[in-house]
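Read the structure below first, then the notes.
Atoms considered below: every heavy atom in the structure, side chains included; atoms not considered: hydrogens, waters and symmetry mates.
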Amino acid sequence: MLLTERVDFKAVLQKGNRVQLPKLVRWRFKLETSQVLKVTVTAVNVFGGWETFYCRMDKSGRITIPKLALKQLQSGRRDLQSLTGAVMEVRVEPA
C-alpha cells in the first residue's frame, strides 16, 4: 500500500543530513523504499523558510535532505555551522 495522504511530524536532523520517519507512519501506510515521496522541511526556530524536494526512504526508514536544501534553510542564520540536532518540521506527501 502506498502513502495516500499528507503526513506532518517533527523530527531531529541526524548526522548525514537524515531524518527518521516515525514507525507509526511507516507501519500505518506500509511504506516501501520504492515509493517516491514529496517532502517539505522547515527548521524550527531558524528563519530560513521551507524547502521542498522529492526522495525515497531508505531501508532504515530515513530520508536524506539534499545539501542545497539545508543551505537554503540555514541562510537566515549565518552563525550556525550546522543544523545537525535541530528540530525539523517535516511534511511527507505522495509524489
Side-chain angles (χ1 to χ4, degrees):
M1 182 160 141
L2 298 175
L3 182 69
T4 56
E5 61 188 59
R6 184 178 82 187
V7 179
D8 296 325
F9 59 92
K10 291 184 182 180
V12 175
L13 184 65
Q14 298 174 347
K15 184 177 175 182
N17 304 336
R18 299 169 74 180
V19 173
Q20 179 78 42
L21 270 73
K23 277 187 180 181
L24 290 176
V25 173
R26 295 190 320 240
W27 289 350
R28 179 178 174 198
F29 296 104
K30 296 179 178 68
L31 286 178
E32 300 175 2
T33 58
S34 61
Q35 183 181 9
V36 177
L37 303 170
K38 179 180 177 184
V39 180
T40 303
V41 294
T42 184
V44 177
N45 297 330
V46 177
F47 307 108
W50 48 269
E51 288 295 320
T52 301
F53 58 93
Y54 294 92
C55 69
R56 290 186 183 165
M57 178 182 70
D58 65 5
K59 291 178 185 176
S60 64
R62 291 179 175 90
I63 55 174
T64 303
I65 301 174
K67 286 187 179 185
L68 181 60
L70 284 176
K71 287 285 187 190
Q72 293 294 323
L73 289 173
Q74 197 175 4
S75 66
R77 299 277 306 265
R78 300 281 184 215
D79 58 336
L80 292 176
Q81 292 290 327
S82 169
L83 288 176
T84 302
V87 176
M88 308 290 280
E89 289 186 21
V90 182
R91 174 179 290 163
V92 179
E93 306 174 64

| When rounded to the nearest 0.5 angstrom, what distance separates OG1 in T42 from NZ in K10? | 10.5 Å
| query | Tell me, do R26 and Q20 make a side-chain contact under 4.5 Å, heavy atoms counted? | reply | yes
| How many angstroms lie between atom CD of E51 and atom CG of L73, to the nearest 0.5 angstrom? | 5.5 Å
| said: Rounded to the nearest 0.5 Å, what separates atom CZ in R56 from atom OG1 in T64? | reply: 13.0 Å
Would you be so kind as to tabulate the donor-acceptor pairs closer than 3.5 Å made by side chains of residues 84-95, with sequence neighbours excluded?
{"unit_1": "T84", "atom_1": "OG1", "unit_2": "S82", "atom_2": "OG", "d": "2.9"}
{"unit_1": "R91", "atom_1": "NE", "unit_2": "D8", "atom_2": "OD1", "d": "3.0"}

| field | Side chains of I65 and L13 in contact at under 4.5 Å (non-hydrogen atoms) | value | yes
| D58 vs R18 side-chain heavy atoms within contact, under 4.5 Å | yes
| task | Let me know which of V25, L21, V36 forms a side chain to side chain contact (heavy atoms under 4.5 Å, CB included) with M57. | result | L21
| message | Any non-hydrogen side-chain atom of F53 less than 4.5 Å from a side-chain atom of L68? | response | no
